[in-house]
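Some notes on the structure that comes next.
Reckoned from all heavy atoms, side chains included, excluding hydrogens, waters and symmetry mates.
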Amino acid sequence: MQQEATEPTFKKKRHASMLVVLGITGLLAIVLIVYFAALVSRNNKNSNSDAGLINSVATESVATDDDPYGGNKDARIVIVEFSDFQCPYCFQSFPVVREILSTYGDHIKVIYRDFPLTDLHPDAQKAAEAAQCAHAQQKFWEYHDKLFVNRSDLSVTALKRYAAEVGLDADVFSECLDSGSYDVEVQDDFTAGVAAGVDGTPTFFINDRRYDGAMTVDELTYIIENLIAIYAGESP
């Protein structure tokens with residue numbers, strides 16, 4: 001009787017253990033399926049994104065001679081950045097661009113173009129105009145950095161104060177800003193960006209590829225180093 005009472009209990013325990021094992025195995029199978037599906041999806045997305053980035057006329061169409069630039073004027077590697085002084089992601093990118101310019105200034109030309117998202121950033125338009133006024137006095141990059149560091153206050157009063165702090169002629173700057181001298185210039189940048197597919201900031205064009213969003217030093221370094229190697233390997 002003891003044996004008859006114990007055997008069904010053992011079978012129930014064994015049956016329950018098998019259910020647990022099967023359950024765990026099934027769960028692991030589901031996790032693996034989801035993981036590999038996500039991996040394939042991500043690879044496809046990256047592949048499609050890379051294909052979508054290629055635009056053989058993009059950089060040529062957005063590169064200009066009258067907008068502020070840094071680096072080598074005649075560089076074969078041209079980076080065009082569309083940016084907004086109130087944009088938090090542009091704020092992340094600005095020290096990256098400055099570092100890249102410091103490291104690769106002989107190899108690259110970085111052109112800054114305005115893309116103020118006024119629906120989101122009401123002070124971005126006037127800040128862009130102010131930066132152009134600074135550019136007229138050959139102090140664009142100093143003023144550019146000042147605006148990003150102080151992007152929490154881009155009121156007209158603050159814009160004028162920053163101009164004095166970076167050594168601009170305050171009277172000339174104020175007249176330039178108050179008159180809206182660069183309103184059309186900023187709008188032209190925005191229109192050119194839209195025509196090239198820009199729909200957010202920052203957006204970079206690097207030798208006919210478009211890169212949407214903030215970029216890291218490592219990402220830009222990788223791109224630039226590869227382009228340098230390509231050009232170095234070309235026949236004279």
Within a strict 4.5 Å, meaning less than it, do heavy atoms of the [X] and [Y] side chains meet?
X      : Y      : result
Phe94  : Val149 : yes
Asp114 : Ser83  : no
Ile77  : Ile223 : no
Asp67  : Gln132 : yes
Val110 : Ile100 : no
Ile206 : Leu227 : yes
Pro88  : His121 : yes
Asn72  : His107 : no

Test item: [X] side-chain N/O and [Y] main-chain N/O as donor-acceptor pair under 3.5 Å:
X      : Y      : result
Gln86  : Ala124 : yes
Tyr143 : Leu168 : no
Ser179 : Glu175 : yes
Thr203 : Gly200 : yes
Lys139 : Ala163 : no

query: Between Tyr112 and Tyr69, is the ring centre distance below 6.0 Å?
result: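 So the answer is no for these two rings.
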- request: Measure from the ring center of Phe115 to the ring center of Phe85 and say whether it is less than 6.0 Å.
  value: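 When the ring centroids of Phe115 and Phe85 are compared, they turn out to be at least 6.0 Å apart.
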To the nearest 0.5 Å, what is the distance between [atom1] ([X]) and [atom2] ([Y])?
X      : Y      : atom1 : atom2 : value
Arg76  : Ile230 : CZ    : CD1   : 10.0 Å
Tyr89  : Asp84  : OH    : CG    : 12.5 Å
Leu101 : Lys109 : CG    : NZ    : 12.0 Å
Thr201 : Leu117 : OG1   : CG    : 4.5 Å
Thr118 : Asp123 : OG1   : CG    : 11.0 Å
Phe82  : Asp212 : CZ    : CG    : 12.0 Å

- prompt: Once the angle between the rings of Phe148 and His144 is folded into 0 to 90°, is it parallel (under 30°), tilted (30 to 60°) or perpendicular (over 60°)?
  reply: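 Ring orientation of Phe148 relative to His144: perpendicular.
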Lys/Arg N to Asp/Glu carboxylate O, Glu81 vs Arg113, below 4.0 Å: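 Not counted as a salt bridge, because no side-chain N and carboxylate O are separated by less than 4.0 Å.
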message: Please enumerate all residues that pass salt bridge (Lys or Arg N to Asp or Glu O under 4.0 Å) together with Asp178, with sequence neighbours excluded.
response: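 Checked Asp178 against salt bridge (Lys or Arg N to Asp or Glu O under 4.0 Å); matches are Lys160.
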task: Enumerate the residue pairs fulfilling disulfide bond (SG atoms under 2.5 Å apart) with a member in residues 178-231, sequence neighbours excluded, ordered by first and then second residue.
output: none
All pairs passing disulfide bond (SG atoms under 2.5 Å apart) where residues 135-175 contributes a residue, at least two apart: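 For residues 135-175, and leaving out neighbouring residues, there are no disulfide bond (SG atoms under 2.5 Å apart) pairs at all.
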Is the number of heavy atoms from other residues, nucleotides or ligands under 6.0 Å of [X] [atom1] greater than 12?
X      : atom1 : value
Glu219 : CD    : yes
Asp66  : CG    : yes
Asp145 : CG    : yes

- request: Any chance you could lay out the side-chain contact (heavy atoms from CB on, under 4.5 Å) test for Val96 and Leu220, step after step, and finish with the verdict?
  value: CA-CA 9 Å; Val96 171; Leu220 278 172; 3.6 Å; yes
field: Check: Gln125/Asp183 side-chain N/O donor and acceptor closer than 3.5 Å
entry: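 Yes, side-chain donor-acceptor contact under 3.5 Å.
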query: For residues Asp153 and Ser155, is any side-chain donor paired with an opposing acceptor at under 3.5 Å?
result: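 A pair is found: one side chain offers a donor N or O, the other an acceptor, under 3.5 Å apart.
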- request: Under the side-chain hydrogen bond (donor to acceptor under 3.5 Å, both in side chains) rule, what do Tyr231 and Asn226 come out as? Steps first, then yes or no, please.
  value: CA-CA 9 Å; Tyr231 294 137; Asn226 273 278; over 6 Å; no
Chi angles and distances behind the side-chain contact (heavy atoms from CB on, under 4.5 Å) call for Phe204, Val97: CA-CA 11 Å; Phe204 296 89; Val97 171; 3.9 Å; yes
- request: Test Thr103 against Val217 for side-chain contact (heavy atoms from CB on, under 4.5 Å), laying out the working first.
  value: CA-CA 10 Å; Thr103 304; Val217 171; over 6 Å; no
task: Let me see the working for Phe173 and Tyr162 under ring pair (Phe, Tyr, Trp, His ring centres under 6.0 Å), right down to the final yes or no.
output: CA-CA 10 Å; Phe173 180 88; Tyr162 303 148; 9.7 Å; no
field: side-chain contact (heavy atoms from CB on, under 4.5 Å) between Val78 and Val80, worked out
entry: CA-CA 6 Å; Val78 179; Val80 181; 4.1 Å; yes
